[in-house]
Amino acid sequence: MISKTYSPQEIEDKWYAYWMEHRYFSSQPNPDKEPYTIVIPPPNVTGVLHMGHMLNNTIQDILVRKARMEGKEACWVPGTDHASIATEAKVVAMLKEKGINKKDLSREEFITYCWEWTHKYGGIILQQLRKLGASCDWDRTRFTMEPSLYDAVIEVFIDLYEKGDIYRGHRMVNWDPQARTTLSDEEVIAKEVNQKLVYLKYPLVDSESEALTIATTRPETIMADVAICVNPADERYQHLVGQQVLIPLINRAIPIIADEYVEMEFGTGCLKVTPAHDTNDYELGKKHNLPIIDLLNEDGTLNEKAQILVGEDRFVARKKILKLLEEAGNLEKVEEYKSNVGHSERTNAVVEPRLSEQWFLRMERLGKPALDNVLNDTVQLIPPKFKNTYRHWMENIRDWNISRQLWWGHRIPAYYLQDGTVIVARSKREALRKAQHEYQLFALTEEDIRQDDDVLDTWFSSWLWPISVFNGIKEPDNDDIKYYYPTNDLVTAPEILFFWVMRMIVAGYEYRGTYPFKNVYLTGIVRDKLGRKMSKSLGNSPDPLILIEQYGADGVRTGMLFSSPAGNDLPFDEKLVEQGRNFCNKIWNAFRLVKGWEVSAQVPQPGSSQQAVAWFESRLNLALTEVLDLFTKFRISDALNAVYKLIWDDFCSNYLEMIKPGYEQPIDPGTYEATLDFFDRLMRLTHPFMPFITEEIWQNIRERGTSESVCVADYPRPGSIDSTLLGQFEVLAEVVSAIRNLRNTKGLSPKLELPLAIKTDAPEQYQPLEGLLRKLANVAALEYVSEQVEGMSFLVRSDEFFINLAGEIDVEAERENLQKELEYTEGFLNSVMKKLSNERFVQNAKGDVVEKERQKQADAEAKIATIREALARLG
RNA sequence: GGGUUCUUAGCUCAGCUGGUUCAGAGCACCUGCCUUACAAGCAGGGGGUCGGGGGUUCGAAUCCCUCAGGACCCA
């Protein structure tokens with residue numbers, strides 16, 4: 001006996017192992033097949049599966065499984081990303097717990113710890129993906145730090161350097177004092193923070209009784225001030241320009257300058273200029289040739305240039321200096337002030353603008369094809385609303401700071417001679433050779449040259465991902481890259497559209513001369529019920545593995561998908577997953593029903609079953625057509641919904657009820673076989689969405705060979721659709737529904753057989769469906785009449801139906817119903833007539849639209865006539 | 001402040017280039033059912049002047065303007 005409820009845990013591991021054993025997911029270039037390729041957005045090695053991954057990878061799996069079943073050479077490449085900052089932060093924290101300080105380790109020792117960490121935790125997320133059913137080609141698993149991908153990054157750096165696209169520069173960058181590294185603009189998250197706007201008096205050098213008041217949120221940086229700037233149009237201060245003021249506490253004289261940059265309305269209209277600690281001030285300083293005083297250490301503490309509060313953390317110093325200023329009489333007032341402050345995405349530390357020596361990649365030339373080919377839809381963003389944002393970014397693109405002051409990552413292949421000369425080379429040995437040749441320094445040894453300490457931004461490796469996973473940088477003509485590249489679809493989150501997707505497109509055009517993927521499907525962000533993004537720190541995310549345990553992988557997959565159109569956020573609700581589980585159970589029980597039937601060759605096929613089979617064939621083909629169309633539009637959620645309704649409503653509620661034999665009665669072989677065939681097709685159709693349960697059932701529908709699997713069965717293709725038949729069944733459904741409604745309102749048991757009379761001009765419309773009508777509505781006697789008869793009545797389209805049950809007729813209620821229906825239909829007819837009597841409508845509207853209106857008119861008139869007759873009969 | 005985008009049933013969302021009874025789906029809710037596959041179920045039902053206002057049109061949830069509110073990106 002098959003269990004009454006579907007138990008996913010028992011079968012999921014079994015089938016995943018079966019799939020792996022038969023290597024259904026592994027792919028080799030096959031010239032006879034069309035390739036279908038997806039590269040996974042590589043999750044961090046340090047990460048664990050979260051709800052975003054679940055959604056994202058479910059969608060990828062659906063696409064790749066469908067392609068595989070369609071006979072394409074499907075290849076889904078999995079892998080992980082080394083995630084410099086995130087991983088290094090975790091390793092540093094881990095070492096700290098052990099009492100080890102990163103500073104006390106050599107680079108090599110530290111990196112050894114990183115690898116240990118990677119080996120220990122790096123595979124977790126990939127294991128978790130298996131639980132979800134992900135059909136990745138695991139043999140192709142890649143890691144951005146493995147030798148071949150590492151080398152690809154180095155090659156690309158060298159190549160771009162030699163082309164002149166990479167340069168070293170002194171720039172204002174975003175500094176994370178906690179991680180002690182540079183961040184890209186995208187890694188800085190602006191957050192609104194309550195600050196104090198402090199008003200400080202700077203006495204004039206020439207007249208000590210007079211003072212200028214400036215407003216600042218960063219009083220601890222006044223020691224790095226190099227000027228006070230006012231707007232030249234500001235009449236309050238014009239006479240002071242050119243004079244000098246003294247910085248409070250340290251009494252250094254600085255000039256008062258004028259620049260239009262200063263907003264007169266903000267604060268007092270006087271701006272303290274601190275080029276080392278503010279990006280705008282830096283530009284202003286350059287323009288006015290001002291010196292730069294940097295008073296912060298790497299870790300955010302004040303250095304000796306501050307003269308006071310040396311060694312204090314910037315935030316401590318901010319508090320302390322206020323007191324000092326107050327005591328010195330320089331503090332005028334303090335206001336509450338809200339403003340956006342940049343925070344590190346990884347460490348949440350307040351980001352410090354900082355001047356430093358960094359490596360940059362020029363983006364102007366490289367970005368051009370990446371912009372053009374998205375705008376002209378060579379690369380399609382789904383949904384397309386992201387195109388505008390994308391264009392806005394690309395048209396304002398700035399050079400990319402690619403160096404990070406970390407150890408875990410691809411070390412910049414730049415070497416310095418003692419005089420600071422830079423040589424970019426693959427190794428120290430090559431650098432030495434180059435130095436000897438290019439500079440005629442034959443006495444030079446490896447000891448005389450030093451490699452750059454910094455590593456490259458993580459995105460500088462992941463931007464090569466679609467190429468480097470196929471080794472396409474180092475061996476641009478190898479079979480894999482030629483076959484699988486460009487890939488087909490990329491599924492990722494909109495938050496990294498600029499970070500990552502754009503850069504992959506750039507690299508694709510630069511290194512393969514074409515796009516890396518044809519379609520970019522942007523998923524939404526998974527949020528909790530309160531609309532907050534799910535995150536570990538908020539603790540508002542359910543553990544996906546526990547969800548899978550509770551609801552089954554298929555249930556979770558469908559649950560995630562039920563409400564997630566492309567690009568729209570998904571407000572997650574466990575109810576959705578429950579619905580997914582219930583769907584599994586529904587399918588399971590349908591299967592139980594069918595498998596429980598006894599088949600007897602002695603039983604002839606009832607006409608009703610024959611009808612039902614013909615109908616469902618058309619219905620299935622119609623749904624297939626819809627689903628395939630939805631797939632081409634990447635409307636995956638809608639495709640799933642279409643499948644859901646097809647199975648639940650059409651197959652289970654309608655078809656199975658139509659063909660179901662009586663209790664403990666056998667079924668005829670024709671209907672049985674047709675039903676198994678439907679089930680087979682339904683399972684194949686559903687497989688990409690729900691891989692496990694469909695495999696379990698598909699394997700049990702019929703005897704299967706030892707290496708067969710629904711994974712590699714053909715995806716169903718739509719056949720012919722009999723729309724006349726579909727129309728007839730719609731009428732049937734309406735009649736059945738009306739009779740059931742009648743039972744409900746009259747409190748009649750479904751077991752009570754009812755006599756039915758149909759008053760119609762076209763009995764032939766109903767005759768073929770009589771068997772089904774009897775079965776579905778439990779109708780006993782059925783007759784056609786041309787005049788009204790006694791009984792409760794209802795209308796379907798313009799035919800009238802009577803159920804003659806003595807004593808059950810409520811004349812008043814029926815009259816009321818008819819009256820309502822009459823009013824509605826008359827109103828409807830009225831609106832139709834309004835259109836038709838409008839000359840301009842008849843002239844301007846398309847012919848078929850007008851024709852439809854005329855049809856509506858005829859239908860409504862017929863119906864009104866029927867209602868009137870019925871009312872007349874009731875008196 | 002600039003840009004993008006959204007507002008449809010209690011909730012989450014579909015409604016493509018304006019034209020079928022177009023106002024939909026799922027969930028939630030209400031009523032009745034332990035009917036022999038499934039109570040994780042079955043049958044039925046109520047619920048929205050499509051954010052407000054204005055305009056274009058024979059016709060607007062759909063196009064345009066405007067106001068209100070939200071989201072995101074950038075400064």
### Task
Check the angle between the aromatic planes of A:Tyr521 and A:Phe634 and answer parallel, tilted or perpendicular using the 30° and 60° thresholds.
tilted

### Query
If we take the C1' atom in both B:U7 and B:U12, what is their distance in whole Å?
14 Å

### Query
So do A:Leu547 and A:Met51 actually touch side chain to side chain, heavy atoms under 4.5 Å?
yes

### Query
Within this structure, what is the CG-to-P distance between A:Asp638 and B:G26, rounded to whole angstrom?
13 Å

Polar-atom pairs under 3.5 Å, protein N or O versus N or O of nucleotides 1-7 of chain B: list them with distances, or write none.
unit_1 : atom_1 : unit_2   : atom_2 : d
B:U4   : O3'    : A:Asn388 : ND2    : 3.3

### Query
Which letters describe nucleotides 29-42 of chain B, given B = protein heavy atom under 4.0 Å from base, S = only from sugar-phosphate, - = neither?
-------BBBSBSS

### Task
Write down the distance separating the P atoms in B:A14 and B:U56, rounded off to the nearest Å.
31 Å

### Query
Say you pick atom C1' in B:A61 and the same atom in B:G15; how far apart are they, in whole Å?
8 Å

### Query
Parallel, tilted or perpendicular for A:Phe651 and A:Phe678, by the 30°/60° rule?
perpendicular

### Query
Rounded to the nearest Å, what distance is computed from the CG atom of residue A:Leu561 to the P atom of nucleotide B:A14?
14 Å

### Message
Please give the distance between the P atoms of B:U17 and B:C72 as a whole number of Å.
### Response
27 Å

#### Entry: Separation of B:C13 P from A:Leu55 CG (nearest whole Å)
13 Å

### Query
Does A:Asp554 reach the main-chain N or O of A:Phe692 with its side chain, forming a donor-acceptor pair under 3.5 Å?
yes

### Summary
note: A:Asp573, atom CG; B:G26, atom C1'; distance rounded to Å ~ 12 Å

#### Entry: Whole-Å gap separating C1' (B:C13) and OH (A:Tyr644)
15 Å

### Query
Are the side chain of A:Asn519 and the backbone N or O of A:Gln380 linked by a donor-acceptor pair below 3.5 Å?
no

Detail all sub-3.5 Å separations between protein N/O atoms and N/O atoms belonging to nucleotides 58-61 of chain B.
unit_1 : atom_1 : unit_2   : atom_2 : d
B:C58  : O2'    : A:Asn838 : ND2    : 2.7

### Query
With a 4.5 Å heavy-atom cut-off, do A:Leu497 and A:Thr389 have their side chains touching?
no

### Task
Report yes or no: does A:Asn778 contribute a side-chain atom to a donor-acceptor pair with the main-chain N or O of A:Lys751 at less than 3.5 Å?
yes

Would you list the protein and nucleotides 45-48 of chain B atom pairs, both N or O, that sit under 3.5 Å from each other?
none

### Side chains of A:Gln579 and A:Thr558 in contact at under 4.5 Å (non-hydrogen atoms)
no

### Query
Tell me, which stems hold RNA chain B, with a stem being 3 or more Watson-Crick or G-U pairs in a row and both distances under 3.5 Å?
B:1-7 with B:68-74, B:10-13 with B:24-27, B:29-33 with B:41-45, B:51-55 with B:63-67

### Query
Does one side chain, of A:Glu853 or A:Gln857, offer a donor that lies under 3.5 Å from an acceptor on the other?
no

### Message
Consider side-chain hydrogen bond (donor to acceptor under 3.5 Å, both in side chains). Of A:Glu574, A:Arg581, A:Arg557, which one does A:Tyr551 pass it with?
### Response
A:Glu574

### Query
Taking the same atom, C1', in B:G59 and in B:C22, what whole-Å distance lies between them?
13 Å

### Any A:Leu754 side-chain heavy atom under 4.5 Å of A:Leu748 side chain
yes

### Message
Looking at A:Glu260, I'd like to know if its CD atom is crowded, meaning that more than 12 non-hydrogen atoms belonging to other residues, nucleotides or ligands lie closer than 6.0 Å.
### Response
no

### Rounded C1' spacing from B:U20 to B:A28 in Å
31 Å

### Query
Is there a donor-acceptor contact under 3.5 Å linking the side chains of A:Glu578 and A:Asn582?
no

#### Entry: Geometric class of the A:Tyr644/A:Phe562 ring pair [parallel <30°, tilted 30-60°, perpendicular >60°]
perpendicular

### Message
Using a heavy-atom cut-off of 4.0 Å across all strands, would you classify A:Trp588 as base, sugar-phosphate, or nothing?
### Response
nothing

### Query
In whole angstrom, what separates A:Asn641's CG from B:C27's C1'?
11 Å

### Task
Could you tell me which residues satisfy salt bridge (charged side-chain N to carboxylate O under 4.0 Å, His left out) with A:Lys387, sequence neighbours excluded, listed by chain and number?
A:Asp377

### Message
Would you measure the distance from the P atom in B:C63 across to the matching atom in B:U8 and give it in whole Å?
### Response
15 Å

### Query
Between the side chain of A:Ser7 and the main-chain N/O of A:Gln9, is any donor-acceptor distance below 3.5 Å?
no

### Task
Can you tell me the distance, in whole Å, between the CG atom of A:Asn778 and the P atom of B:A43?
15 Å

### Task
To the nearest Å, give me how far apart CD (A:Gln855) and P (B:U20) are.
15 Å

### Separation of the P atoms in B:G45 and B:G55, to the nearest angstrom
40 Å

### Message
Testing the basics here: between A:Arg743 and A:Ser749, what is the closest heavy-atom pair and its distance to 0.1 Å?
### Response
NH1-O, 2.7 Å

### A:Arg635 side chain near B:G15 phosphate (N/O to OP1/OP2, under 4.0 Å)
yes

### Query
Backbone N or O of A:Ser3 within a donor-acceptor pair of the A:Trp588 side chain at under 3.5 Å?
yes

### Message
Heavy-atom nearest nucleotide on RNA chain B for A:Ala738 versus A:Lys575: which residue maps closer to 5'?
### Response
A:Lys575

